[in-house]
Amino acid sequence: MAPADDLLRNAHQSLPEGGLAKKLEVAAKEGRQLRVKLGLDPTAPDIHLGHTVVLQKLREFQDLGHRVVLIVGDYTARVGDPSGRSSTRPVLSGEQIDANAETYRRQAFTVLRDDPELLEVRRNGEWLDMPAADLFALARVATVAQILERDDFAKRFAARQPISVLETLYPLLQGYDSVAIASDVELGGTDQTFNLLLGRDVQRAYGQPEQVILTMPILPGIDGTEKMSKSLGNHVGVTEPADEQFGKTMRLPDDAMDAWFSLLSLPDPGTDASPRDRKRALARGVVARFHGDDAARAAEQRFDALFVSHAVPDDVESFPLSPAPGEAVHLPALIAEAFGRSRSDARRLLEQGGVKLDGEVVASDAYDLPASELDGRVLQVGKRHFRRLVAGPSAA
RNA sequence: GGGGGGAUGUCCGAGUGGUUAAAGGAGACGGGCUGUAAACCCGUUGGCUCUGCCUACGCAGGUUCGAAUCCUGCUCCCCCCA
């Protein structure tokens, strides 16, 4: 398969048509690397699977010898990208942005190759802190009508929701990033299409060859419908423990498996396999990518023990029973403390039969139990929250 | 500068003097079913020293036996006209 076709395999769209193949050709002829750009939003430091879709694509470019240029949007973060937002974003402090950018960078290496020949990290504060006259020149590149073409602006405009002047500048600033680093290709999610295309206009206005844009489909979250995002709470983080990643993936609706296999570029047993086995393969693949094969197998075993055999895990965190032996323990208080819930919540759990001791449901009216009856036993809330109770403060 | 609309529980959103801890929905949590699928069904969803008490409807004060609901001031947000 030609490199361009390969790169476009699971992509959403690349514009202009055939542009990528041409860029690759020219680069090969001139014996140079393509400069492949990705803008990062330093307001969301925790990378999840959704982010890795684009990172994975960048990795493919790296594997072909091209140079990835990550742009940390420290300066544009002051503006706030309105993409997919119905309202303006809060402004972050400089220190927060720095810290977030560093975290992001570190996590991005779970996917990208950290090779100075293949990776360049820049901050757009380097060039966007420009005199007003230069900003005017940039602002002349596009018209208000053009900017309002953008999907979310158009929607907000129609719905009479506020659009700040500052926000309308964002696409131009992002486009200027492309000029500053002489981008050949820019990647992004489909929600970035407008911004990426405008980058071409900006480059043209500044007398530069226009970049090719490549958009990747949006990965659905573990709810199977919404875009994966931390704020929706439907994400799987790359730094999450193996068990969490495995369990969350297993909760994915069947319909979403195709998208996950394709976009995450994981080996797919195919639809011949039973949905259950296929999802297990998916979960293993996810965990293996970030924690390794051994961890993936171990996670699957623990998953089976917990949810298939309903066994109490052997590595349960212990929780100290504070009263002296013989004294009564107030169960709602214990549950509240051990699992970080309110006492009212704990009472409800008891009433609904959601509390178990060593696998036995605790009677709903058992509010006080002697410590001696609890010592050494495993307290369970719901299906997957456990604490081993240990008497005496010394055990803490 | 002028005019109008709005701020309710995690979110959305009803409610314009009294049986309102506040309809409905979403989300979340617990249970059932199961492949921990999803979907679906049932229940719960402010806190606590829990047959009761406390706190809550932007903030502060007032009217009233009684206010999320009325009045006054303040803060913030949105829209329209100029």
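Chain identifiers are assigned alphabetically (A, B, ...) following the order of the sequence lines, protein sequences preceding nucleic acid strands; residue numbering begins at 1 within each chain. What you see is a predicted model, and the numbers here were worked out from it, not measured in a lab.
Between the CG atom of A/Leu306 and the P atom of B/G35 there is a distance of 16 Å, given to the nearest Å. Look at CZ on A/Arg276: it is 16 Å from C1' on B/A38, rounded to the nearest Å. The separation between A/Arg302 atom CZ and B/U36 atom P is 17 Å, rounded to whole Å. Rounded to whole Å, atom P of B/U36 lies 17 Å from atom NE2 of A/His385. The nearest whole Å value for the distance from the CG atom in A/Asp304 to the P atom in B/U36 is 8 Å.
For the segment residues 260-268 of chain A, no residue has any heavy atom less than 4.0 angstrom from an atom of RNA chain B.
Without hydrogens or angle criteria, A/His235 side chain to A/Met228 main chain gives no donor-acceptor distance under 3.5 Å. A/Gln107 places no side-chain N or O within donor-acceptor distance of the main-chain N or O of A/Tyr104, the cut-off being under 3.5 Å. The main-chain N or O of A/Leu7 is found under 3.5 Å from a side-chain atom of A/Lys57 such that the two form a donor-acceptor pair. Judged by distance alone, the side chain of A/Arg113 and the main-chain N or O of A/Leu118 form no donor-acceptor pair under 3.5 Å. Here the side chain of A/Gln192 pairs no donor or acceptor atom with the backbone of A/Gly189 at under 3.5 angstrom. Distance alone, capped at 3.5 Å, places no donor-acceptor pair between the A/Ser262 side chain and the A/Asn10 backbone. Listed for the A/Arg388 side chain is a donor-acceptor partner under 3.5 Å among the backbone atoms of A/Gly376. Listed for the A/Asn234 side chain is no donor-acceptor partner under 3.5 Å among the backbone atoms of A/Asp223.
Annotated stems with RNA chain B as a participant read B:1-7 with B:75-81, B:10-12 with B:24-26, B:27-32 with B:40-45, B:46-48 with B:52-54, B:58-62 with B:70-74, given as range with range, by first number; only runs of 3 or more Watson-Crick or G-U pairs under 3.5 Å qualify.
Each of B/U36, B/G35, B/G30 was ranked by its minimum atom distance to the side chain of A/Leu349; first place goes to B/G30. When distances are taken from the side chain of A/Lys383 to each of B/G43, B/C33, B/C29, the shortest belongs to B/C33.
Residue A/Gly353 is the one, among A/Gly353 and A/Thr249, whose nearest nucleotide of RNA chain B lies closer to the 5' end (criterion: closest heavy atom).
Scanning atom types as modelled, one donor and one acceptor separated by under 3.5 angstrom connect the side chain of A/Asp254 and the base of B/G35.
Taking CG of A/Asp191 as the start and OG1 of A/Thr215 as the end, the distance is 9.5 Å to the nearest 0.5 Å.
A/Leu196 and A/Val212 fall into different hydrophobic clusters, defined by Ile, Leu, Val, Met, Phe, Trp and Tyr side-chain heavy atoms under 4.5 Å apart, directly or through other members.
Using a 4.0 Å heavy-atom cutoff across all strands shown, A/Gly224 reaches no nucleic acid atom at all. Contacts of A/Leu252 with the nucleic acid, taken as non-hydrogen atoms under 4.0 Å apart, involve only primed sugar atoms and P, OP1 or OP2.
Across A/Glu120, A/Arg67, A/Gln174, a single residue satisfies side chain to side chain contact (heavy atoms under 4.5 Å, CB included) together with A/Lys37, and that is A/Gln174.
Residues forming a ring pair (Phe, Tyr, Trp, His ring centres under 6.0 Å) with A/Phe246 (at least two apart in sequence, or on another chain): A/Phe303.
Ring centroids of A/Phe339 and A/Phe319 are separated by 6.0 Å or more, keeping the two rings apart.
Using C1' as the reference atom, B/G47 and B/U10 are 16 Å apart when rounded to the nearest Å. Taking the C1' atoms as reference points, B/G30 lies 26 Å from B/G13, given to the whole Å. Between B/U55 and B/G66, the distance separating the two P atoms is 16 Å to the nearest Å. When the P atom is used for both B/A67 and B/C59, the distance is 16 Å, rounded to whole Å.
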Between N or O atoms, less than 3.5 Å apart, protein on one side and nucleotides 39-42 of chain B on the other: list the pairs.
none

Could you list, one pair per line, each protein nitrogen or oxygen that sits under 3.5 Å from a nitrogen or oxygen of nucleotides 45-49 of chain B, together with the distance?
residue : atom : partner  : partner atom : Å
B/G47   : OP1  : A/Ser342 : OG           : 2.8
B/G47   : OP2  : A/Arg348 : NH2          : 2.6
B/C48   : OP1  : A/Arg343 : N            : 3.0
B/C48   : OP2  : A/Arg343 : N            : 3.1
B/C48   : OP2  : A/Ser344 : N            : 2.6
B/C48   : OP2  : A/Ser344 : OG           : 2.7
B/U49   : OP1  : A/Arg343 : NH1          : 2.2
B/U49   : OP2  : A/Arg347 : NH2          : 2.7

Using a 4.0 Å heavy-atom cut-off, write out nucleotides 21-27 of chain B from 5' to 3' as B (base contacted by protein), S (sugar-phosphate only) or - (no contact). -------
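Heavy-atom contacts from other residues, nucleotides or ligands closer than 6.0 Å to CD of A/Glu360 number 12 or fewer.
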